[in-house]
Amino acid sequence: MSVFVTVCADTTSDEEVKKPIPVLVDTDANNELDDQHALAYALLNQSDFKVVGVTVNNTPNGGGIEGQYREAERVIRLCDRFDDVRVFRGVEASLGDVLPNLSEPKHDGYQAVDFIIESAQADRSQKLVVIAIGKLTNVALALAKSPGIAKKIRLVWLGSNFPHEGEYNLWSDPDAVNYVIKTDVDFELVTVRYRETTGATAVSVDGSEIVERMTGKGKTVAPVVGRHGGKFTTFGDYSVSLFENVNFSRRPLFDVVAVAIVKNPAWGNYRQISGQKLEGIRWVVQQDSNRTMGLWEEFDRDEIIEDFFHTFESEP
């Protein structure tokens, strides 16, 4: 059964959104541990999201594109979605390295780039929501290769310390961010804001809470070898392993926030900003620009985390 919800009046659209929402997740899955949790959260919220596929890109700490690919595949298998959700290898390098070769059939990242284009062009009643939780290179290249898809995508990006400079996903390819800004794609920033309480950094959990609420939770599948070794039959147990390998310290689930506000816009505050671009990794105002972007901040940590845990606890 399809469900209709009204998007909050101050988000990018006043139109009704039909659920499940068509979603494509673009991720550097093997970087830390938040990407894995965000991807699993999206995959198991099947009444809310129709995940059309997953694309991976490579950021500096990810072990190359194959490491990113294997980790995304691992999470998909642990969520028992491998039969219907495919993962596509994306860009190893940066936008500036690939743009000159974009006309070549097998340029760096072509599988992911072409899949983004194909997915955006599919015949559906609403825009494809691209939830980007890594650098924006794959998405920027798709927009460069097929500019017409800009009208068919809502891009929700976990990145930036706006209005402050920097953040990992941003500095991994700032040229890709500027390229996206130059298009007319619906573009929403989900703020990170390290060491502040106004961005996704505030949505954090203790390792002890993960042990208590994730052990054994999720679908039960055939054993999957984890990133740090061992074999796992639920994502919940794999979650515990990921936290174990950071000594169970308190960690933000940054990327989960981007998925959560697509599911329920009431879990964050939204406003529009205009005339922004990057100089290096610093935001500056474009005086003569009419370009607007969405900005998400002030997230409801308790509601997001409770819904995250409930997603896995409700699985058989």
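Predicted model only: the values in this text are computed from it and were never measured.
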Decide yes or no on side-chain hydrogen bond (donor to acceptor under 3.5 Å, both in side chains) for Asn30 and Arg227, but give the supporting numbers first.
-> CA-CA 9 Å; Asn30 201 42; Arg227 180 170 75 177; 3.2 Å; yes
Can we call the ring centroids of Phe243 and Phe248 under 6.0 Å apart?
-> no
Return yes if some donor-acceptor pair links the side-chain N/O of Asp108 with the main-chain N/O of Ala93 below 3.5 Å, else return no.
-> yes
Hey, could you give me the CD1/CD distance between Ile153 and Gln121, rounded to the nearest 0.5 Å?
-> 9.5 Å
Could you state the interatomic distance from CG (Asp26) to CD1 (Ile116), rounded to the nearest 0.5 Å?
-> 5.0 Å
Strictly by modelled atom types, are Thr137 and Asn57 linked by a side-chain donor-acceptor pair under 3.5 Å?
-> no
Any chance you could measure Lys135, atom NZ, to Asn58, atom CG, to the nearest 0.5 Å?
-> 6.0 Å
Assess whether side chain to side chain contact (heavy atoms under 4.5 Å, CB included) is satisfied between Arg291 and Ser274, documenting all intermediate values.
-> CA-CA 6 Å; Arg291 176 62 152 116; Ser274 60; over 6 Å; no
Could you give me the CA-CA distance, side-chain angles and deciding distance for His228 and Glu244, then say whether side chain to side chain contact (heavy atoms under 4.5 Å, CB included) is met?
-> CA-CA 10 Å; His228 304 287; Glu244 179 182 18; over 6 Å; no
Check the surroundings of atom CZ in Arg193: do more than 12 heavy atoms from other residues, nucleotides or ligands lie under 6.0 Å from it?
-> yes
Apply side-chain hydrogen bond (donor to acceptor under 3.5 Å, both in side chains) to Glu188 and Trp296, showing your working.
-> CA-CA 7 Å; Glu188 302 171 29; Trp296 288 95; 2.7 Å; yes
In Å and rounded to the nearest 0.5 Å, what is the NZ to CG distance from Lys263 to Asn45?
-> 3.5 Å
Without swapping roles, check the side chain of Asn161 against the backbone of His164 for a donor-acceptor pair under 3.5 Å.
-> no
Check whether any side-chain N or O of Glu165 sits under 3.5 Å from a backbone N or O of Ile281 as a donor-acceptor pair, and report yes or no.
-> no
Do Ile261 and Val205 share a hydrophobic cluster, counting only Ile, Leu, Val, Met, Phe, Trp and Tyr and linking them when any side-chain heavy atoms are less than 4.5 Å apart?
-> yes
Candidate pair Leu136 and Leu155, rule side chain to side chain contact (heavy atoms under 4.5 Å, CB included), full reasoning = CA-CA 10 Å; Leu136 280 175; Leu155 174 58; 4.2 Å; yes
Residue pair Asp34 / Val256, side-chain heavy-atom distance below 4.5 Å = no
Ring center gap for Phe235 and His37 short of 6.0 angstrom = yes
Lys152, NZ atom: more than 12 neighbouring heavy atoms under 6.0 Å = no
Which residues satisfy the side-chain contact (heavy atoms from CB on, under 4.5 Å) test with His310, sequence neighbours excluded?
-> Ser314
Apply salt bridge (charged side-chain N to carboxylate O under 4.0 Å, His left out) to the pair Glu73 and Arg70, showing each step before the final yes or no.
-> CA-CA 5 Å; Glu73 179 182 327; Arg70 287 193 298 273; over 6 Å; no
Quick one: does Leu24's side chain get under 4.5 Å of Phe115's, heavy atoms only?
-> yes
Quick one: does Arg81's side chain have a donor or acceptor within less than 3.5 Å of a partner on Leu43's backbone?
-> yes
Check: Leu95 main-chain N/O paired with Asp173 side-chain donor or acceptor under 3.5 Å = yes
Would Ile117 and Tyr110 show up in the same hydrophobic cluster when neighbours are defined by side-chain heavy atoms closer than 4.5 Å?
-> no
In one Ile/Leu/Val/Met/Phe/Trp/Tyr side-chain cluster, 4.5 Å: Ile210, Val246 = yes
Using atom types as modelled and distance alone, determine if a side-chain donor or acceptor of Asn169 lies under 3.5 Å from a backbone N or O of Gly159.
-> no
Looking at CG of Leu278 and OG of Ser160, how far apart are the two atoms once the value is rounded to the nearest 0.5 Å?
-> 7.5 Å
Consider only side-chain heavy atoms of I, L, V, M, F, W and Y, link residues closer than 4.5 Å, and tell whether Val190 and Phe49 are in one cluster.
-> yes
Following the transitive rule for hydrophobic clusters with a side-chain heavy-atom cut-off under 4.5 Å over Ile, Leu, Val, Met, Phe, Trp and Tyr, establish whether Leu189 and Tyr194 coincide in one cluster.
-> yes
Does the distance from a Lys or Arg side-chain N to an Asp or Glu carboxylate O, for Glu71 and Arg74, drop under 4.0 Å?
-> yes
Please assess Gln286 against Gln276 for the test side-chain hydrogen bond (donor to acceptor under 3.5 Å, both in side chains), listing each intermediate value before the final yes or no.
-> CA-CA 5 Å; Gln286 302 181 74; Gln276 301 292 328; over 6 Å; no
Centroid-centroid under 6.0 Å between Trp171 and Tyr168 rings | yes
Residues Glu306, Arg301: salt bridge by 4.0 Å N-O rule | no
Counting distance only, does the side-chain N/O of Thr183 pair as donor-acceptor with the main-chain N or O of Val180 below 3.5 Å?
-> yes
Without swapping roles, check the side chain of Glu167 against the backbone of Leu170 for a donor-acceptor pair under 3.5 Å.
-> yes
Pair Asp206-Arg250, salt bridge (charged side-chain N to carboxylate O under 4.0 Å, His left out): steps then yes or no = CA-CA 4 Å; Asp206 283 318; Arg250 189 172 184 87; 2.9 Å; yes
Hey, are the side chains of Leu158 and Val192 touching, using non-hydrogen atoms and a 4.5 Å cut-off?
-> yes
Worked check of side chain to side chain contact (heavy atoms under 4.5 Å, CB included) between Arg86 and Val54 | CA-CA 6 Å; Arg86 296 177 61 192; Val54 177; over 6 Å; no
Got a donor-acceptor contact below 3.5 angstrom from the Gln111 side chain to the Phe88 backbone?
-> no
Pairwise distance CG(Asp28) to OG1(Thr59) - rounded to 0.5 angstrom = 3.5 Å
Any Met214 side-chain heavy atom under 4.5 Å of Phe308 side chain = yes
So, does Asn138 use its side chain to make a donor-acceptor pair with the main chain of Gly90 at under 3.5 Å?
-> no
